[in-house]
Undergrad: 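Pasting a structure below so you can have a look.
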Amino acid sequence: MILVTGGAGYIGSHTCIALDEAGFDFVVFDNFCNSSLESLKRVEKIINKEIAYVEGDIRNANDLQSVFDNYKIDSVIHFAGLKAVGESIEKPLEYYDNNLNGTIVLCTIMKKNNCKKIVFSSSATVYGDPHTTPIKEDFPLSATNPYGRTKLFNEEILRDLYTSDHDWKVILLRYFNPVGAHKSGMIGEDPNGIPNNLMPFIAQTAVGKRDELSVFGGDYDTHDGTGVRDYIHVVDLAQGHVKALQKIDSLKEVLTVNLGTGNGYSVLDMVKAFEKASGKKVAYKIVQRRAGDIAKCFADPSYALEVLGWKATKGIDEMCEDSWRWQSNNPNGYTKS
Ligand code: NAD
Ligand code: UFG
């Protein structure tokens with residue numbers, strides 16, 4: 001059985017469906033600090049099956065031990081953590097506690113129960129401001145904010161575990177920019193308050209919840225002056241986790257893999273694609289750059305194909321169509337619709 005920490009969240013809920021489709025049994029462990037039980041209820045409807053879940057905090061050893069007592073856990077996919085860059089600058093201790101302490105407690109309990117296989121959610125943020133694009137896994141690493149540092153440190157912690165005991169099997173998946181939603185329109189990204197990320201902001205503008213998008217910077221060295229990112233459909237990303245689990249038993253070293261499409265799209269490219277998918281106008285104005293943003297970030301995804309046999313299959317039109325279906329069916333997200 002697979003333990004999915006943070007499985008009620010955006011990427012976790014989509015991964016639950018992919019796991020089920022691939023025939024993996026799983027139990028979700030989540031404290032619902034950034035999600036709701038409703039996402040799991042909807043996953044149950046989609047897969048037509050009850051989901052095993054435990055409400056608990058990864059920083060609480062007893063909560064975690066109870067999962068190992070009640071289920072035979074073979075491997076862990078570790079999504080649980082806090083993820084807002086701006087908030088991490090304001091509340092560094094919360095981020096270090098949740099993301100680092102949480103991982104340490106999780107790995108301690110895994111070790112105690114002789115479960116030593118973990119797939120970890122890392123991020124392209126560990127590349128800092130890359131000297132060139134596309135980004136390969138061996139590029140230099142750096143972090144410019146507490147959130148990014150937790151990703152870097154967690155990668156190091158997991159590498160140290162492997163060094164200490166080669167029975168550990170560790171896959172570090174560095175996600176680029178996850179967007180989109182399940183085809184059903186029943187699950188998707190449901191940020192609290194004003195979205196920090198581009199796609200949910202565009203979607204909420206299209207549905208009439210926000211007046212206009214602020215485009216952060218129009219003078220970057222990119223094809224239209226706006227920031228370029230590697231947007232990846234969350235269903236493709238979920239599939240990457242299935243491939244990782246299918247690979248993990250044969251690992252001879254820690255595996256670090258970019259999960260991106262290899263394509264870079266600008267903010268204005270995304271606005272246009274969303275307008276096409278939704279048939280709605282997305283009003284925007286170009287404002288100052290956001291502190292800490294970089295001009296361009298996109299992956300070289302060739303290693304993922306080589307070692308995992310994984311490759312993204314969905315383009316930006318599908319990403320936008322699926323985001324729009326979720327947003328327009330659930331204008332107020334899960335709890336308030
Ligand atoms: P999310 O917030 O939707 O999901 C995270 C889940 O973890 C939530 O359900 C939350 O309730 C749970 N959680 C948080 N702290 C917990 C704790 N202490 N104990 C138990 N559960 C806890 O985020 P997401 O977008 O699905 O991201 C999943 C992972 O992927 C995170 O580690 C995130 O940092 C990483 N990641 C996300 C992105 C992105 O842009 N979405 C990019 C790169 C990496
Ligand atoms: N942007 C806007 N207006 C907005 C929001 C974003 O113009 O209201 C722009 C940004 O300046 C950037 C692009 O849209 O050029 C994407 O911004 P996001 O905030 O959606 O994503 P980031 O690339 O800044 O960061 C995301 C996650 C990080 C993660 C990183 C790399 O938020 O946690 O991808 O994976 F580390």
Undergrad: With a 4.5 Å cut-off on side-chain heavy atoms, are Met186 and Asn329 touching?
TA: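 Asn329 does not reach Met186 side chain to side chain.
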Undergrad: For Asp165, is the CG atom crowded, meaning more than 12 foreign heavy atoms sit under 6.0 Å from it?
TA: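 Counting other residues, nucleotides and ligands, CG of Asp165 exceeds 12 neighbours.
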Undergrad: Between Phe120 and His78, what is the ring plane arrangement, given parallel below 30°, perpendicular above 60°, and tilted in between?
TA: tilted
Undergrad: Would Asn154 and Asn99 count as having a side-chain donor-acceptor pair, cut-off 3.5 Å?
TA: no
Undergrad: Please verify the inter-ring angle class for His14 with His182; under 30° counts as parallel, over 60° as perpendicular, anything in between as tilted.
TA: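 Taking His182 first and then His14, their aromatic rings sit tilted (interplane angle of 30° to 60°).
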Undergrad: Any side-chain donor-acceptor pair under 3.5 Å between Ser266 and Asp269?
TA: yes
Undergrad: Contact between Phe274 and Met319 at the side-chain level, heavy atoms closer than 4.5 Å - yes or no?
TA: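 No; the side chains remain at least 4.5 Å from each other.
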Undergrad: Does Ile232 belong to the same Ile/Leu/Val/Met/Phe/Trp/Tyr cluster as Ile77, with side-chain heavy atoms less than 4.5 Å apart forming each link?
TA: yes
Undergrad: Show your working on side-chain contact (heavy atoms from CB on, under 4.5 Å) between Tyr303 and Asn258 and close with a plain yes or no.
TA: CA-CA 7 Å; Tyr303 191 55; Asn258 285 341; over 6 Å; no
Undergrad: In terms of heavy-atom contacts, does NZ of Lys183 have more than 12 from other residues, nucleotides or ligands at under 6.0 Å?
TA: yes
Undergrad: Checking salt bridge (Lys or Arg N to Asp or Glu O under 4.0 Å) between Asp293 and each of Arg290, Arg289, Lys296, which is the one that passes?
TA: Arg290
Undergrad: In chain order, what residues pass the side chain to side chain donor-acceptor pair (under 3.5 Å) check against Asn70, with sequence neighbours excluded?
TA: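 In terms of side chain to side chain donor-acceptor pair (under 3.5 Å), with neighbours along the sequence ignored, Asn70 is linked to no residue.
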Undergrad: Answer with yes or no whether the side chains of Tyr147 and Thr125 bring together a donor and an acceptor at under 3.5 Å.
TA: no
Undergrad: Ring-plane angle category for His241 and Phe79, please: parallel below 30°, perpendicular beyond 60°, tilted otherwise.
TA: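 Geometry flag for Phe79 against His241: tilted rings.
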Undergrad: Check for me, please, whether Trp326 and Ile11 land in the same ILVMFWY cluster - side-chain distances under 4.5 Å, paths through other members count.
TA: yes
Undergrad: For side-chain hydrogen bond (donor to acceptor under 3.5 Å, both in side chains), just list the numbers for Tyr334 and Arg42, CA-CA rounded to whole Å, side-chain angles, deciding distance to a tenth of an Å, and then say yes or no.
TA: CA-CA 9 Å; Tyr334 284 116; Arg42 303 232 182 144; 5.9 Å; no
Undergrad: Going by the side chain to side chain contact (heavy atoms under 4.5 Å, CB included) test, name the single residue among Leu213, Ile202, Thr205 that passes it with Tyr284.
TA: Leu213
Undergrad: Determine whether a donor-acceptor pair (N or O, by modelled atom type, separation under 3.5 Å) exists between the side chain of Lys151 and the backbone of Ser121.
TA: yes
Undergrad: Are Glu87 and Tyr95 linked by a side-chain donor-acceptor pair shorter than 3.5 Å?
TA: yes
Undergrad: With clusters built from Ile, Leu, Val, Met, Phe, Trp and Tyr whose side-chain heavy atoms come within less than 4.5 Å, directly or transitively, what are the remaining members of the cluster of Val228, listed by chain and number?
TA: Phe298
Undergrad: Counting only heavy atoms from other residues, nucleotides and ligands, does the tally under 6.0 Å from NZ of Lys209 exceed 12?
TA: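 Yes, the 6.0 Å shell around NZ holds more than 12 heavy atoms from other groups.
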Undergrad: Is atom CZ of Phe24 surrounded by more than 12 heavy atoms (other residues, nucleotides or ligands) closer than 6.0 Å?
TA: yes
Undergrad: Give a yes or no on whether Val271 and Phe216 share a hydrophobic cluster (residues Ile, Leu, Val, Met, Phe, Trp, Tyr; joining criterion: side-chain heavy atoms under 4.5 Å apart).
TA: no
Undergrad: Under 6.0 Å from the NZ atom of Lys136, do we count more than 12 heavy atoms belonging to anything else shown?
TA: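 No, not enclosed.
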Undergrad: Could you verify whether a donor N or O on one side chain and an acceptor N or O on the other, from Gln65 and Asp69, lie under 3.5 Å apart?
TA: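 Looking only at side-chain atoms, Asp69 and Gln65 do form a donor-acceptor pair, the distance falling under 3.5 Å.
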Undergrad: Under a 4.0 Å N-O cut-off, is there an ion pair linking Glu189 with Lys83?
TA: yes
Undergrad: Does one side chain, of Glu155 or Ser122, offer a donor that lies under 3.5 Å from an acceptor on the other?
TA: yes
